[in-house]
Amino acid sequence: MKIVVAGTGFVGLPHAAVCSEYGHEVYAYDIDTKRIAAYKTAKREEIEKYVNEPGLASIIQENINRSLHFIDDLEPVIEGVDAFFLCLPTPPNRDGSSNLSYYFDAVNHLAKLLAKRADQRRVVIINKSTVPVGTGRQLEEVLKSHNVPNVGIASNPEFLPEGNAVEKSRHPDRVVVGADTEEDFRILRRIYSQFINHVRIAFIETTPETAESIKYVANTLLLTYISFWNGVGGRLAESVSNVRMEDLKRGVTADTRISKWGSFVSNGAGGSCFGKDIQSLIYQLKSRNQSTDLLESVYEINEYQKTYLIDRAAAEAGVKFNNKVVALLGLAFKQRTNDMRDASALKVVESLLGRGVKEIRAYDPMAEEEAKRFFNPEHNHLFERISYHPSAKAALEGSDMLFISTDWEEFRGLSSTIESTVPAPYLIIDGRRMIPDYNELVERGYSYLAVGSPYLNK
Ligand SMILES: NC(=O)C1=CN([C@@H]2O[C@H](COP(=O)(O)OP(=O)(O)OC[C@H]3O[C@@H](n4cnc5c(N)ncnc54)[C@H](O)[C@@H]3O)[C@@H](O)[C@H]2O)C=CC1
Ligand SMILES: O=C(O)[C@H]1O[C@H](OP(=O)(O)OP(=O)(O)OC[C@H]2O[C@@H](n3ccc(=O)[nH]c3=O)[C@H](O)[C@@H]2O)[C@H](O)[C@@H](O)[C@@H]1O
């Protein structure tokens with residue numbers, strides 16, 4: 001099949017690469033010419049400047065200029081295309097609705113080109129972007145208004161988590177395809193032929209509107225799990241002495257009906273999608289006069305969770321942040337990524353600086369460069385108070401307290417580094433429960449304040 005993937009970010013690039021592995025003729029297209037130039041070099045470091053996913057650079061190196069091509073102009077490849085995948089940004093507007101301007105800019109450009117093509121074989125335009133329910137129908141209208149012949153629309157939402165994009169593109173839990181005609185389903189079946197009749201991968205064919213809904217319901221349910229654990233299980237363990245968080249989690253999730261995923265209490269879920277998708281679904285339901293109380297609570301619990309440990313430190317431990325030096329471990333929204341979009345660390349930094357902290361000594365194994373973009377002192381002079389360090393130990397040096405914001409594996413065995421770098425009394429604020437032997441640290445004079453634990457000191 002001849003496939004064009006429009007938008008080569010976190011979703012589009014892995015999708016294009018994996019489709020090329022399966023022998024399709026793939027053109028990965030982006031309006032960002034610098035990005036395309038970087039991918040064309042096939043150099044790992046150039047590719048990873050844009051999308052840093054394990055295994056991705058190797059697939060590109062193997063298939064580039066054979067089954068995988070990078071383009072910043074659609075016109076030369078438009079003839080003979082069977083399918084266009086749209087992997088375009090759909091960021092939130094201020095009111096929570098989805099900003100579809102990137103999406104419709106691309107669609108209008110594509111429709112004009114498709115209307116002029118000589119080869120009029122069936123072509124399907126497939127949404128991989130997360131778009132409000134009913135956007136596929138609007139896409140259909142745009143195509144009609146440009147008189148594009150022999151074209152179908154489909155929805156094929158993406159479910160991959162960042163950091164696992166290649167693995168989840170090769171082995172998804174399910175492939176959801178929403179389309180209107182048998183002809184279009186057939187094209188999608190040929191593209192995903194390796195997943196048809198697979199023993200472990202559900203291949204679900206449905207309407208475009210159902211496919212669009214599946215994506216929103218899945219993402220908001222995942223965030224609901226997290227808010228449930230943070231707002232219910234975590235709160236119990238924080239407020240009743242002798243409730244052990246890890247045992248509580250095990251005892252509840254041993255029930256095979258209950259997900260383990262989501263039970264990792266944290267200082268909030270971040271990332272480019274959970275927050276934006278729940279806000280968009282709230283907006284969509286409200287505009288249909290539906291109640292959104294549950295979703296609004298889920299969203300609010302998650303937003304509050306990002307800084308509530310700072311409130312707890314002030315209320316329970318009597319901490320005065322003014323003029324203090326805080327070591328901040330973890331900036332990315334989760335481990336194994338440099339992505340800081342909607343990361344809890346953004347809110348933590350804002351809150352600490354707002355409380356007069358003198359210096360934030362930050363360390364993240366991957367996200368330092370990203371952090372420097374977010375915390376640009378030209379935008380806010382207070383960001384001059386952030387210094388970056390090459391290791392957890394270096395960040396801890398000279399600090400008055402520690403805040404752990406990301407669940408990087410290397411932070412798990414941190415107690416000996418803490419003990420050898422910062423003497424007790426010293427406060428550890430743990431947003432990820434990364435210090436399993438916290439009781440021993442408390443015995444030795446450290447204070448410990450974590451999600452899922454009461455404030456502990458000797
Ligand atoms: N990031 C993730 O893990 C997931 C994202 N999604 C959804 O997928 C969509 C894309 O997200 P990401 O890949 O994260 O975005 P991204 O921001 O990483 O990449 C989007 C790409 O589209 C390009 N672009 C913008 N306008 C264009 C145009 N007119 N023509 C061609 N290219 C254009 C941009 O230059 C950029 O390279 C969003 O709707 C998102 O909600 C869905 C599942 C997972
Ligand atoms: O639509 C999307 O963009 C994607 O959003 C999430 O993927 P992602 O944002 O990459 O990351 P997750 O691994 O889901 O983590 C999201 C946030 O929740 C946090 N989390 C996760 C699990 C948990 O138990 N507790 C918890 O706080 C993570 O640390 C992170 O901050 C979904 O997991 C994907 O299925 C979906 O495709």
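Atoms considered below: every heavy atom in the structure, side chains included; atoms not considered: hydrogens, waters and symmetry mates. First listed ligand is number 1; within each ligand, the first listed atom is number 1.
For atom 34 (C) of ligand 1, the nearest non-hydrogen atom from the set D30, D32, D105 comes from D30. Comparing S344, A332, A343, G262 against atom 24 (O) of ligand 2, the shortest heavy-atom distance belongs to G262. Residue nearest to atom 1 (O) of ligand 2, selected from K276, K260, K215: K215 (by heavy-atom distance). Nearest residue to atom 10 (C) of ligand 1 from L88, T130, I36, D339 is L88 (criterion: closest heavy atom). Selection from F264, W229, F159 by nearest heavy atom to atom 34 (C) of ligand 2 gives F159. Ranked by closest heavy atom to atom 27 (C) of ligand 1, the top entry among L74, I31, T33 is I31.
Those atoms of ligand 2 that come under 4.0 Å of a heavy atom in S266, given as number and element, are 26 (C), 27 (O). Every atom of ligand 1 is numbered from 1 in the order shown, and the set under 4.0 Å from a heavy atom of R35 is 37 (O). The atoms of ligand 2 that sit less than 4.0 Å from any heavy atom of E158 are 37 (O). Of all atoms in ligand 1, listed by their number and element, those nearer than 4.0 Å to a heavy atom of K276 are 40 (C), 41 (O). Listed by number with element, the atoms of ligand 1 under 4.0 angstrom from any heavy atom of Y29 are 30 (N), 31 (C). Atoms of ligand 1 found under 4.0 Å from any heavy atom of S272 (numbered from 1 in listed order, with element): 1 (N). If you number the atoms of ligand 2 from 1 as listed, the ones under 4.0 Å from a heavy atom of S263 come out as 24 (O).
Distances between N or O atoms of G270 and those of ligand 2 include at least one value under 3.5 Å. Between F10 and ligand 1, at least one N/O pair is under 3.5 Å apart. Annotation: E162 places an N or O atom under 3.5 Å from an N or O atom of ligand 1; distance criterion only. Checked against a 3.5 angstrom limit, the closest N/O atoms of E158 and ligand 1 fall outside it. Between V11 and ligand 1, at least one pair of N/O atoms sits closer than 3.5 Å. For a threshold of 3.5 Å applied to N or O pairs, the pair formed by R432 and ligand 2 contains at least one separation below that value. Between E162 and ligand 2, an N or O atom pair is found at a separation short of 3.5 Å.
Cation-pi contact between R312 and Y455: absent, since separation from the ring centre below 6.0 Å together with deviation from the ring axis within 45° is not met. A cation-pi contact links R235 to Y308, judged by a cut-off of 6.0 Å to the six-membered ring centre and 45° from its axis.
Of the protein's non-hydrogen atoms, K334 CD, 4.0 Å is the one closest to atom 15 (O) of ligand 2. From the protein, the heavy atom lying nearest to atom 25 (C) of ligand 1 is P89 CD, 3.7 Å. Residue, atom and distance of the protein heavy atom nearest to atom 39 (O) of ligand 1 are T90 OG1, 2.6 Å. Nearest non-hydrogen protein atom to atom 16 (C) of ligand 2 is F274 CE1, 3.5 Å. Closest to atom 19 (O) of ligand 1 among all protein heavy atoms lies G9 CA, 3.2 Å. Nearest protein heavy-atom contact of atom 18 (O) of ligand 2 is A269 CB, 3.2 Å. Residue, atom and distance of the protein heavy atom nearest to atom 3 (O) of ligand 2 are C273 SG, 2.6 Å. Closest protein heavy atom to atom 4 (C) of ligand 2: L160 O, 3.6 Å. If you check which protein heavy atom lies closest to atom 44 (C) of ligand 1, you get L160 O, 3.5 Å. In terms of protein heavy-atom proximity, atom 14 (O) of ligand 2 is nearest to W261 CZ2, 3.3 Å. The single protein non-hydrogen atom nearest to atom 9 (O) of ligand 2 is F333 CE1, 3.6 Å, given as residue, atom name and distance. Among all protein heavy atoms, the one lying closest to atom 7 (O) of ligand 2 is P161 CA, 3.6 Å.
At a cut-off of 3.5 Å, with distance as the only test, a side-chain donor of E410 or Y363 sits close to an acceptor on the other residue. Side-chain atoms of E209 and S213 form no donor-acceptor pair, as typed in the model, at a separation below 3.5 Å. A side-chain donor-acceptor contact under 3.5 Å links N267 and S405. Side chains of Y39 and D30: no donor on one and acceptor on the other come within 3.5 Å.
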Q: Quick one: do R122 and D184 satisfy salt bridge (charged side-chain N to carboxylate O under 4.0 Å, His left out)? Show the steps, please.
A: CA-CA 8 Å; R122 184 72 174 176; D184 297 337; 2.7 Å; yes
Quick one, Y27 with K2, criterion side chain to side chain contact (heavy atoms under 4.5 Å, CB included). Give me CA distance, side-chain angles, the key distance, then yes/no.
CA-CA 8 Å; Y27 295 85; K2 182 172 176 182; 3.7 Å; yes
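A salt bridge between E368 and K372 is present, with a side-chain N of the basic residue lying under 4.0 Å from a carboxylate O of the acidic one. The pair R433-D430 fails the salt-bridge criterion, with no side-chain N (NZ, NE, NH1 or NH2) lying under 4.0 Å from an Asp/Glu carboxylate O. K306 has a carboxylate O that lies under 4.0 Å from a charged side-chain N of D342, or vice versa, which qualifies the two as a salt bridge. Ion pair D173/K168 flagged as a salt bridge, since at least one NZ, NE, NH1 or NH2 atom sits closer than 4.0 Å to an Asp/Glu carboxylate oxygen. Taking 4.0 Å as the cut-off between side-chain N and carboxylate O, E296 and K286 count as a salt-bridged pair.
Heavy atoms of H109 stay at 4.0 angstrom or farther from ligand 1. Distances shorter than 4.0 angstrom occur between a heavy atom of R341 and an atom of ligand 1. Heavy atoms of I226 approach ligand 2 to within less than 4.0 angstrom.
Within the 4.0 Å heavy-atom criterion, both parts of S129, backbone and side chain, lie near ligand 1. Using a 4.0 Å cut-off between heavy atoms, A106 contacts ligand 1 through both its backbone and its side chain. Residue contacts with ligand 2, taken as heavy atom pairs separated by less than 4.0 Å, do not involve S272 at all.
Side-chain atoms of R35 come within 3.5 Å of backbone atoms of T8 as a donor-acceptor pair (strictly under, hydrogens ignored). Under the 3.5 Å distance criterion, the side-chain polar atoms of T292 are left unmatched by any main-chain donor or acceptor of L295. Looking only at distances, no side-chain donor or acceptor of S351 sits under 3.5 Å from a matching main-chain atom of V348.
Note that the CG atom of L160 and the CD atom of E167 stand 11.5 Å from one another [nearest 0.5 Å].
Within a 6.0 Å sphere centred on CZ of R336, other residues, nucleotides and ligands contribute 12 heavy atoms or fewer. Residue-environment remark: CZ (F228) stays at or below the threshold of 12 foreign heavy atoms within 6.0 Å.
No side-chain heavy atom of F374 sits under 4.5 Å from any side-chain heavy atom of V349.
Among L223, L222, N302, the one residue that satisfies the side-chain contact (heavy atoms from CB on, under 4.5 Å) test with I278 is L223.
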